[in-house]
Number of protein chains: 2
Amino acid sequence: MAGTKIQNMEEFANLSGISRPTVSKYFNDPDSVRASTRVRIEAALERHEYRPNIYAMNQNRKLTKNIGIVVPLLSDPYFAEIARNLEQRCIVAGYRPTLFSSHGDPALEVQALDTLRSLKPAGVLLAPLGRASNPKALKKFCADVPTLIFDSSVDEIGLAFVGSDNFQFTAHITDYLCRTGEPPCFFEMKTPANPNAHRRRQSYINAMEGFGYKPDVISVEGEGWGFEEIGRLGGHEALRNGCFSTNTILCSNDRLAIGLLTACYEQGMLVGRNAGSAIRVAGQDGHPHSRYTCPPLTTISHDYDAVSQIAAETLFASIEGRISPWKSTRLEGKLILRDSA
Amino acid sequence: MAGTKIQNMEEFANLSGISRPTVSKYFNDPDSVRASTRVRIEAALERHEYRPNIYAMNQNRKLTKNIGIVVPLLSDPYFAEIARNLEQRCIVAGYRPTLFSSHGDPALEVQALDTLRSLKPAGVLLAPLGRASNPKALKKFCADVPTLIFDSSVDEIGLAFVGSDNFQFTAHITDYLCRTGEPPCFFEMKTPANPNAHRRRQSYINAMEGFGYKPDVISVEGEGWGFEEIGRLGGHEALRNGCFSTNTILCSNDRLAIGLLTACYEQGMLVGRNAGSAIRVAGQDGHPHSRYTCPPLTTISHDYDAVSQIAAETLFASIEGRISPWKSTRLEGKLILRDSA
DNA sequence: TGATTTATTTTACGCGCGTAAAATCAGTAT
DNA sequence: ATACTGATTTTACGCGCGTAAAATAAATCA
């Protein structure tokens with residue numbers, strides 16, 4: 001507590017009267033040393049306040065407790081939320097998570113993986129950027145480090161894939177929209193960053209054809225990760241030009257829908273499922289913010305908890321030797337009915 | 001490229017025919033070795049693809065290039081955005097940022113600082129949790145590591161403080177609201193997580209009294225960081241009970257305002273500054289999402305760029321030896337007029 | 001009590017790299 | 001060609017810690 005600053009384990013070991021390796025054992029598992037030794041170490045610990053350097057610890061460890069978490073874009077609350085969830089699970093399981101964001105940039109994604117190599121992680125939870133990712137770099141990384149892919153799949157790399165069943169997502173919400181009003185048009189980005197978008201479009205087309213309706217896909221221009229603004233601008237143009245063949249719009253994702261809602265507001269169009277409304281808008285993802293749009297957004301939500309739980313458990317299992325063949329798990333979404341559709 | 005996996009600098013040095021320390025010098029500054037040596041190293045680099053282990057690099061370095069960034073809550077897009085901005089500036093300046101989120105938990109904040117010590121950072125950019133922070137731990141950390149505090153100040157610790165001028169924020173937007181309609185009520189959390197909230201309340205009171213109006217502060221219950229929900233629930237209650245003495249509400253922050261907008265929607269109250277609206281709502285922060293509420297939120301925005309630039313530059317200056325006495329910089333906000341007020 | 005087994009601790013070395021000091025080299029003057 | 005100077009490279013050691021193998025202490029048994 002009031003002692004001088006201890007700089008390393010050697011000093012602390014001397015102060016406690018125990019050899020350094022024994023102190024090392026103590027920190028890796030307090031029960032691995034004799035009770036009498038443990039008491040002496042803990043007594044010294046109270047007087048001197050020392051903590052081992054985790055990076056030095058991992059330097060020469062056979063298997064570290066480090067886990068890397070890489071998401072495409074931390075400023076997207078969806079990824080922020082799932083990252084937080086995963087971090088929590090790692091900590092609870094006794095691992096030490098380190099978070100990286102690719103910030104939407106493939107070069108930064110590669111750089112994050114490079115940094116991770118230096119960390120000698122026991123495993124990595126990786127949500128790839130998607131279309132923009134450098135597939136060769138990802139594949140190579142997966143070959144070297146036990147990596148679980150989540151959210152967005154890239155071939156059959158890594159230990160396994162866990163994500164949402166985008167076909168089910170869109171099929172389900174399309175079904176709902178068709179049963180409760182006019183069949184939906186599909187509002188998406190022309191060049192989506194994420195392969196999930198293609199699945200959703202295809203699923204929309206399938207669902208519409210199943211109902212005997214003609215699919216109507218509106219693809220708007222726009223690059224990058226500013227989905228709301230892309231949705232707003234594209235929405236304005238589509239609304240002005242009467243591109244939507246029905247009064248119901250299913251957006252490829254919630255952020256796009258949020259932008260479209262703003263466009264509707266700015267054009268004075270009332271959104272909602274009640275009689276007085278001019279248009280229905282629905283999203284997909286269950287974005288943390290979707291509850292607070294006006295009107296609150298009807299959407300189909302990822303099962304955040306299940307995705308992150310399965311992702312984490314699968315990785316832990318692999319790290320702990322309970323290996324299993326590559327497998328893709330795609331979880332169903334839950335329809336969240338709100339006022340927008 | 002096609003070479004076998006190089007595991008360490010020694011192997012690479014042998015393959016390139018240069019001694020390891022010289023290779024080490026090269027990686028720390030390619031110009032510090034003879035041109036002929038550099039060519040040989042770079043030739044080997046193309047054939048073998050080797051990257052030094054950054055954590056081992058920093059183990060015995062006199063001064064590392066590591067910079068820690070700690071924010072209270074990454075799932076808040078405000079902090080996500082400012083963190084991204086800071087990360088970028090560090091990279092451009094040749095530093096290596098590592099991002100930590102306290103996830104709203106003081107224990108995690110302390111843990112992040114502990115982890116940072118192991119990283120031997122050249123400096124740290126820290127946005128404290130605020131009220132919940134462990135002041136002793138923060139003070140101790142600042143004594144050991146060059147730390148710049150931003151967003152939310154805690155005494156006069158660290159190298160300096162950079163944030164927004166909350167008095168100016170609230171005075172300015174209160175002024176605007178008073179001039180353009182009924183004077184605002186002030187909507188806030190009873191026990192805010194962040195000391196900035198108190199400044200804002202006080203500034204509101206001062207501004208109102210300056211105008212000769214009676215301040216009306218509505219403090220709603222609610223713990224934690226789910227500000228939108230707190231604003232929504234508190235808003236419902238306040239609206240039902242007629243707590244607001246005027247038709248204009250200034251929220252302590254944008255997230256609270258977003259929740260209040262939802263409450264208004266759910267009660268069928270039209271929000272806006274035009275004739276037909278029943279209520280005006282304004283926020284404070286310039287939250288990334290405020291553009292996309294319906295109606296878009298009138299707010300007073302942090303100067304994200306200036307805050308992060310000054311924060312980063314101040315830290316870099318200190319790291320590079322250009323030290324200066326402790327100083328508090330509080331930047332003015334910019335009023336963003338939208339439809340909500 | 002002494003020999004034997006077993007649980008702990010120590011010794012000795014390694015992880016991947018930085019860095020001061022010593023050794024070597026290239027370049028210049030004689 | 002030789003001695004000398006300054007830049008570059010190499011030698012040698014250290015960073016803070018993990019871990020196998022050796023040494024020691026505790027526990028068990030005859």
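Side-chain atoms are counted along with the backbone in the values below, which use heavy atoms only and exclude waters and symmetry mates. Chain naming here is simple, since letters A, B, ... match the order of the sequence lines and numbering starts at 1 in each.
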(request) Just say parallel, tilted or perpendicular for the rings of A:Y78 and A:Y304, cut-offs at 30° and 60°. (result) perpendicular
(request) For the pair A:F12 and A:Y50, name the ring-plane relationship: parallel under 30°, tilted 30 to 60°, perpendicular over 60°. (result) parallel
(request) May I ask you to test the B:I323-B:L159 pair for a side-chain heavy-atom distance under 4.5 Å? (result) no
Nearest whole Å is fine: how far is [N] [atom2] from [X] [atom1]?
{"X": "B:I18", "N": "D:dT11", "atom1": "CD1", "atom2": "P", "result": "13 Å"}
{"X": "A:R117", "N": "C:dG16", "atom1": "CZ", "atom2": "C1'", "result": "16 Å"}
{"X": "B:N53", "N": "D:dG16", "atom1": "CG", "atom2": "C1'", "result": "14 Å"}
{"X": "B:K120", "N": "D:dC15", "atom1": "NZ", "atom2": "P", "result": "9 Å"}
{"X": "A:E10", "N": "C:dT10", "atom1": "CD", "atom2": "P", "result": "12 Å"}
{"X": "B:F12", "N": "C:dG16", "atom1": "CZ", "atom2": "P", "result": "16 Å"}
{"X": "B:D114", "N": "D:dG16", "atom1": "CG", "atom2": "P", "result": "17 Å"}
{"X": "A:Q7", "N": "D:dG16", "atom1": "CD", "atom2": "C1'", "result": "11 Å"}

(request) Could you check B:K120 against A:N53 for side-chain contact (heavy atoms from CB on, under 4.5 Å), going step by step and ending with a plain yes or no? (result) CA-CA 9 Å; B:K120 305 191 174 186; A:N53 182 307; 4.2 Å; yes
Output one line per pair: protein atom, nucleotide atom from nucleotides 18-20 of chain D, and distance, for all N/O pairs under 3.5 Å.
from, atom 1, to, atom 2, distance (Å)
D:dG18, OP1, A:N28, ND2, 3.2
D:dG18, OP2, A:S24, OG, 2.3
D:dG18, N7, A:R20, NH1, 3.4
D:dG18, O6, A:R20, NH2, 2.6
D:dG18, N3, A:N60, ND2, 3.3
D:dT19, OP1, A:K62, N, 3.0

(message) With rounding to the nearest 0.5 angstrom, report the CG to CG distance, B:L45 to B:L15.
(response) 11.5 Å
(message) Rounded to the nearest 0.5 Å, what separates atom CE in A:M9 from atom CE in A:M57?
(response) 7.5 Å
(request) Look at the side-chain N and O atoms of B:N8 and state whether any lies under 4.0 Å from the OP1 or OP2 oxygen of C:dG16. (result) yes
(message) Between B:T22 and D:dT10, is there a contact of a side-chain N or O with OP1 or OP2 at under 4.0 Å?
(response) yes
(message) Just to be sure I understand the rule, does B:Y26 reach a base, reach only the sugar-phosphate, or reach nothing, if contact means heavy atoms closer than 4.0 Å?
(response) nothing
(message) Using a 4.0 Å heavy-atom cut-off, does B:Y50 contact any base of the nucleic acid, only the sugar-phosphate backbone, or nothing at all?
(response) sugar-phosphate
(message) Testing the basics here: between B:E109 and B:S133, what is the closest heavy-atom pair and its distance to 0.1 Å?
(response) OE1-OG, 2.6 Å
(message) Whether the side chain of A:R20 engages the backbone of A:A13 through a donor-acceptor N/O pair (distance < 3.5 Å, no angle test) should be reported.
(response) no
Listed pairs, N/O of protein and of nucleotides 26-28 of chain C, under 3.5 Å:
none

(request) Give me the bend of the helix from C:dT1-D:dA30 to C:dT30-D:dA1, using the axes of the five pairs at each end, rounded to 10°. (result) 40°
(request) Look at B:R84 together with B:E81 and state whether they make a salt bridge at an N to O cut-off of under 4.0 Å. (result) yes
(message) For A:T115 and B:R96: C-alpha separation, side-chain torsions, deciding distance, then whether side-chain contact (heavy atoms from CB on, under 4.5 Å) applies.
(response) CA-CA 10 Å; A:T115 301; B:R96 166 172 282 285; 3.2 Å; yes
(message) I need the single residue from B:E87, B:K65, B:Q88, B:R89 that forms a side-chain contact (heavy atoms from CB on, under 4.5 Å) with B:P97. Which is it?
(response) B:E87
(request) Please say which of A:F79, A:F150, A:F100 ends up in a side-chain contact (heavy atoms from CB on, under 4.5 Å) with A:V70. (result) A:F100
